[in-house]
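Quick note: numbers below take in every heavy atom, side chains included, and nothing from hydrogens, waters or symmetry partners.
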Amino acid sequence: MNCFIASIGSRSFIRRRSNAMTQELDRQAVDEISFAQRIADTLQLVQKTLPVQRRMVHAGDTIYQVGQEFGSLYVVNSGLVKMVNLSSEGREQVVAVHFRGDWLGLDGIAGGRYGCDAVAMDTGEVWSFRYDDLLRTALRTPALLTALHEAMSRQLARDHESLQSLCALPADARVAAFLQYWAEAMARRGLRTDQISLRMTRAEIGNYLGMTLETVSRALSRLARSDVIRFIEKGRREIHIPRVEALTSFIAQVAAPSGARAFH
């Protein structure tokens with residue numbers, strides 16, 4: 001009888017846990033739809049209220065350069081853009097990656113000059129508009145100012161998360177967190193997350209995460225051996241992620257005191 005009751009209790013717990021997980025996934029799906037809609041609404045607002053210049057870009061195209069006089073803000077309509085600085089040794093340092101709906105050039109507002117190079121990572125479209133046009137139009141369309149503040153807030157939050165990851169996580173967890181961020185950025189924009197195409201070399205991922213190319217390669221291999229990710233093609237830029245949640249579990253296990261040794 002006790003075993004029977006325990007069995008019923010166990011099944012009840014599993015059902016509750018399953019329901020909780022379903023509710024969480026439903027909430028995430030709603031959040032993703034909401035975010036994707038906000039991006040679409042913001043792009044529509046910008047297009048409707050500002051004199052926008054559209055520019056098609058291809059991998060390697062420079063959108064603006066560090067030190068260039070600030071005058072315009074940019075919004076990614078499609079494609080990916082990386083922000084690049086030169087390190088003290090003269091090497092390129094990737095400091096941020098931007099997706100559809102992200103605003104570029106915000107770092108130029110305070111000092112009057114852009115603080116990084118903005119470089120396209122693949123074929124896409126970038127919109128630009130004068131900052132003074134934005135301020136004038138915002139007087140009669142306050143939603144524009146709200147959109148600007150939201151863009152600033154997202155960038156600050158992402159910078160904080162990146163710094164936290166760099167300071168607190170071991171190498172394997174940092175690479176997993178990077179893939180998780182990429183997949184979640186895709187999901188929030190209504191794009192597929194089970195298969196992502198990395199537009200960065202291992203060396204670029206390494207200098208973005210503060211590690212060597214070899215360390216990035218070893219971390220990706222460990223993720224593949226743990227079946228958290230799968231390589232789709234020989235070049236290893238196409239990555240299949242069966243479950244994004246598995247990346248979260250991997251990060252937690254590796255970040256635990258005994259976890260780093262377990263995955264080596």
Side-chain angles (χ1 to χ4, degrees), residues 27-57 61-85 94-165 181-191 208:
R27 185 193 64 78
Q28 289 178 359
V30 170
D31 287 347
E32 288 162 7
I33 293 169
S34 175
F35 185 76
Q37 187 59 52
R38 285 206 306 275
I39 287 176
D41 291 345
T42 298
L43 290 170
Q44 185 177 30
L45 176 68
V46 166
Q47 187 179 20
K48 187 187 298 183
T49 59
L50 293 170
V52 170
Q53 289 189 334
R54 296 167 174 261
R55 178 185 170 189
M56 288 297 298
V57 293
D61 286 354
T62 299
I63 298 163
Y64 59 78
Q65 293 180 303
V66 61
Q68 182 180 326
E69 185 177 356
F70 170 79
S72 297
L73 291 175
Y74 301 78
V75 178
V76 181
N77 183 43
S78 62
L80 297 165
V81 175
K82 62 183 177 182
M83 310 306 293
V84 180
N85 265 338
V94 180
V95 296
V97 177
H98 292 293
F99 300 82
R100 182 174 191 261
D102 286 345
W103 291 44
L104 315 176
L106 297 171
D107 59 344
I109 294 175
R113 295 190 180 277
Y114 298 111
C116 302
D117 291 343
V119 181
M121 299 171 69
D122 63 352
T123 299
E125 185 181 67
V126 176
W127 296 358
S128 65
F129 44 87
R130 297 286 303 173
Y131 180 58
D132 49 10
D133 285 340
L134 170 68
L135 294 181
R136 279 195 298 269
T137 306
L139 293 174
R140 60 179 183 274
T141 313
L144 272 176
L145 205 55
T146 300
L148 174 64
H149 291 159
E150 286 180 353
M152 289 177 168
S153 179
R154 284 197 303 270
Q155 189 163 310
L156 285 170
R158 177 56 191 158
D159 289 347
H160 176 70
E161 288 171 8
S162 296
L163 185 61
Q164 241 182 354
S165 171
Y181 165 67
W182 195 295
E184 288 178 348
M186 295 287 102
R188 296 181 77 192
R189 288 156 177 82
L191 303 172
Y208 178 57

Let me check something: any side-chain donor-acceptor pairs from residues 129-143 under 3.5 Å, sequence neighbours excluded? List them with distances.
from	atom 1	to	atom 2	distance (Å)
Asp133	OD1	Arg136	NH2	2.5
Thr137	OG1	Asp133	O	2.8

Identify each donor-acceptor pair in which a side-chain atom of residues 48-57 lies under 3.5 Å from a protein atom, sequence neighbours left out, and give them as a table.
from	atom 1	to	atom 2	distance (Å)
Thr49	OG1	Leu45	O	2.7
Arg54	NH1	Glu125	OE1	3.1
Arg55	NH1	Thr62	O	3.1
Arg55	NH2	Thr62	O	3.2

Can you name the nearest heavy-atom pair linking [X] to [Y], along with the distance?
| X | Y | result |
| --- | --- | --- |
| Phe70 | Gly105 | CE1-O, 3.4 Å |
| Gly79 | Asp122 | CA-OD1, 3.4 Å |
| Ala36 | Gly190 | CB-N, 4.3 Å |
| Ile63 | Ala120 | CD1-N, 4.4 Å |
| Val66 | Gly115 | CG2-O, 3.4 Å |
| Leu80 | Phe99 | CD2-CD2, 3.0 Å |

Any pair with a residue in [range] that passes salt bridge (Lys or Arg N to Asp or Glu O under 4.0 Å), sequence neighbours left out, goes on the list, sorted by first then second residue, please.
| range | answer |
| --- | --- |
| residues 71-82 | Lys82-Glu204 |
| residues 95-113 | Asp102-Arg189 |
| residues 145-159 | Arg158-Glu161 |

From [X] atom [atom1] to [Y] atom [atom2], the distance as rounded to the nearest 0.5 Å:
| X | Y | atom1 | atom2 | result |
| --- | --- | --- | --- | --- |
| Asn85 | Asp117 | CG | CG | 7.5 Å |
| Trp103 | Leu73 | CH2 | CG | 6.5 Å |
| Gln155 | Met152 | CD | CE | 9.0 Å |

Query raised in the report: How about Thr42 and Arg38: does a side-chain donor come under 3.5 Å of a side-chain acceptor?
Result: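 No.
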Query raised in the report: In terms of ring plane angle, is the pair Tyr64 and Tyr114 parallel, tilted or perpendicular, where the classes change at 30° and 60°?
Result: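 Parallel.
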**Report entry** Those residues that, when tested against Thr123, pass side chain to side chain donor-acceptor pair (under 3.5 Å) (two or more places apart)
**Finding:**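 Result, side chain to side chain donor-acceptor pair (under 3.5 Å) vs Thr123: His58.
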Query raised in the report: Where the side chain of Ser153 meets the backbone of His149, is there a donor-acceptor pair that is under 3.5 Å apart?
Result: no
